[in-house]
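Before any comments, here is the structure.
Predicted model, so just to flag it, every value in this text is computed and none were measured. Note that ligands are numbered from 1 as they come in the structure, with each ligand's atoms numbered from 1 the same way.
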Amino acid sequence: MKNILHISDEVRSALEAGKPVVALESTIISHGMPYPQNVETALKVEEIIRQQGAVPATTAIIGGVLKCGLTTEEIEYLGKKGLECTKCSRRDFPMAIAKKLDGATTVAGTMIIAHLAGIKIFATGGIGGVHRGAEKNMDISADLEELSQTPVMVVCAGAKAILDLPLTREYLETKGVPVLGYGVDEMPAFFTRESGLKADYRVDDPKEAALAFKAQRDMGFNTGMLMTNPIPEEYAMDVALINKTIEDALREADEKGIKGKDITPFLLDRIQQMTEGKSLKSNIELVFNNAKVAGQIAKQLSELEK
Ligand code: PSU
Ligand code: MN
């Protein structure tokens with residue numbers, strides 16, 4: 001493990017001192033947003049986490065080495081390389097390491113690196129889930145399986161309506177993953193605050209979130225936890241507009257026969273183009289908001305663990 005996992009000096013010292021650390025993913029940089037907004041967002045997210053008194057740990061695979069804590073140059077490199085980076089979920093790690101690839105880590109991949117490093121809180125935009133038509137195409141993101149077996153709290157804005165949200169919700173329930181609403185009763189749907197689906201429980205502040213995570217660890221459960229934090233009202237999208245855009249993008253993907261790991265990046269890109277950047281703005285703002293909340297939760301958790 002020593003040679004394949006590289007933890008930056010800053011992240012390592014923070015972890016050793018019991019200081020709060022927040023993991024961040026890199027697929028959102030390479031596959032989730034266009035350059036240069038992807039790099040600007042990634043760097044700003046790190047800054048927001050620092051403002052909360054926590055240390056950011058962006059993760060990726062660079063030249064086959066698992067990295068926990070990237071330099072600005074490395075973030076810039078991944079952002080420029082974009083889709084040329086291998087999108088790495090659990091199944092991609094062995095070959096990414098063996099072939100010394102540059103890999104961007106998905107939610108699942110980031111949870112793996114975070115857990116190896118000893119990081120418990122992770123902030124992102126949205127998670128992968130059960131795709132529409134899963135009863136036929138079996139497309140269920142490895143993110144859900146990872147949440148069922150890796151003890152990391154993922155702070156996100158829910159899942160995008162490109163997915164089958166009710167089935168995503170059911171899958172998490174079956175796997176024993178708590179879906180918590182941060183200040184809300186409903187699980188949010190990424191671009192919008194409402195999904196029509198109830199969260200398991202509402203959490204009202206960072207301390208309560210940290211207590212829930214600690215209790216899960218004290219139980220000896222190895223499950224992850226999903227903290228769904230709704231997009232701030234002022235950046236939420238119009239429900240009718242976003243739903244129509246998603247329907248159009250899904251139809252296009254179907255016509256073009258796009259499948260597997262390419263479907264999520266394709267849909268994200270098309271939605272950004274179709275809304276002429278409006279959805280990108282919302283996407284960026286919700287990630288900032290998640291980073292802030294994750295930083296606060298990490299801080300509370302490190303207090304509880306003292
Ligand atoms: N959803 C988003 N933005 C993203 C992703 C999902 O709104 O950037 C990325 C995340 O990295 C997530 C991955 O883990 O896509 C899920 O891909 P798949 O559905 O192929 O598992
Ligand atoms: Mn998939």
### Query
Name the one of Thr58, Thr86, Thr110 that satisfies side-chain hydrogen bond (donor to acceptor under 3.5 Å, both in side chains) with Thr105?
Thr110

### Query
In terms of side-chain geometry, is the basic nitrogen of Arg169 or Asp200 positioned less than 4.0 Å from the acidic oxygen of its partner?
yes

### Message
Which residue and atom name correspond to the protein heavy atom nearest atom 11 (O) of ligand 1, and how close is it?
### Response
Glu25 OE1, 2.6 Å

### Task
Work out how many protein N, O or S atoms lie closer to the Mn ion (ligand 2) than 2.8 Å.
1

### Task
Would you mind finding which of Ser141, Ala104, Ser26 brings a heavy atom closest to atom 21 (O) of ligand 1?
Ser141

### Message
With a 4.0 Å cut-off on N to O distance, would you call Arg251 and Glu247 a salt bridge?
### Response
no

### Message
Between ligand 1 and Asp143, is the shortest N or O to N or O distance under 3.5 Å?
### Response
yes

### Message
Please determine whether any non-hydrogen atom of His31 lies less than 4.0 Å from an atom of ligand 1.
### Response
no

### Message
With heavy-atom distances below 4.5 Å as the criterion, would you say the side chains of Ile75 and Glu46 are in contact?
### Response
yes

Show every donor-acceptor pair shorter than 3.5 Å between a side-chain atom in residues 255-263 and any protein atom, with sequence neighbours excluded, or say none if there are none.
unit_1, atom_1, unit_2, atom_2, d
Lys256, NZ, Glu252, OE2, 3.2
Lys261, NZ, Lys87, O, 3.0
Lys261, NZ, Asp92, OD1, 3.4

### Query
Do Val65 and Ile4 have side chains that get closer than 4.5 Å, going by heavy atoms?
no

### Task
Using a strict 4.0 Å cut-off to heavy atoms of Lys160, name the atoms of ligand 1 that fall inside it.
2 (C), 3 (N), 7 (O)

### Query
What is the minimum heavy-atom distance between Gly125 and Phe190, and which atoms define it?
C-CE1, 3.4 Å

### Query
Touching ligand 1 at all, Lys87? Heavy atoms, strictly under 4.0 Å?
yes

### Query
Would you call Asp269 and His31 a side-chain contact if the rule is heavy atoms closer than 4.5 Å?
no

### Message
Please give me the minimum heavy-atom distance between Ile140 and Ala134, naming the atom from each residue.
### Response
CG1-CB, 4.4 Å

### Query
Does an N or O from Val107, backbone or side chain, lie closer than 3.5 Å to an N or O of ligand 1?
yes

### Task
Please report which non-hydrogen protein atom sits nearest to atom 15 (O) of ligand 1, along with the residue it belongs to and the distance in Å to one decimal place.
Thr264 CG2, 3.6 Å

### Task
State whether a side-chain donor-acceptor pair under 3.5 Å links Glu208 with Tyr182.
no

#### Entry: Proximal ligand 1 atoms for Phe190, defined as those under 4.0 Å from one of its heavy atoms
7 (O)

### Summary
So the atoms of ligand 1 within less than 4.0 Å of a heavy atom of His131 turn out to be 19 (O)

### Task
Under 4.0 Å, heavy atoms only, figure out whether ligand 1 is touched by the backbone of Leu268, its side chain, both or neither.
side chain

### Summary
Residue, atom and distance of the protein heavy atom nearest atom 1 (N) of ligand 1 read Gly126 O, 3.6 Å

### Task
Check whether any side-chain heavy atom of Leu267 sits under 4.5 Å from a side-chain heavy atom of Leu250, and report yes or no.
yes

### Query
Starting from atom 9 (C) of ligand 1, which protein heavy atom do you reach first, and at what distance in Å?
Thr27 CG2, 4.1 Å

### Task
Answer yes or no: is there a side-chain heavy-atom contact under 4.5 Å between Phe191 and Ser279?
yes

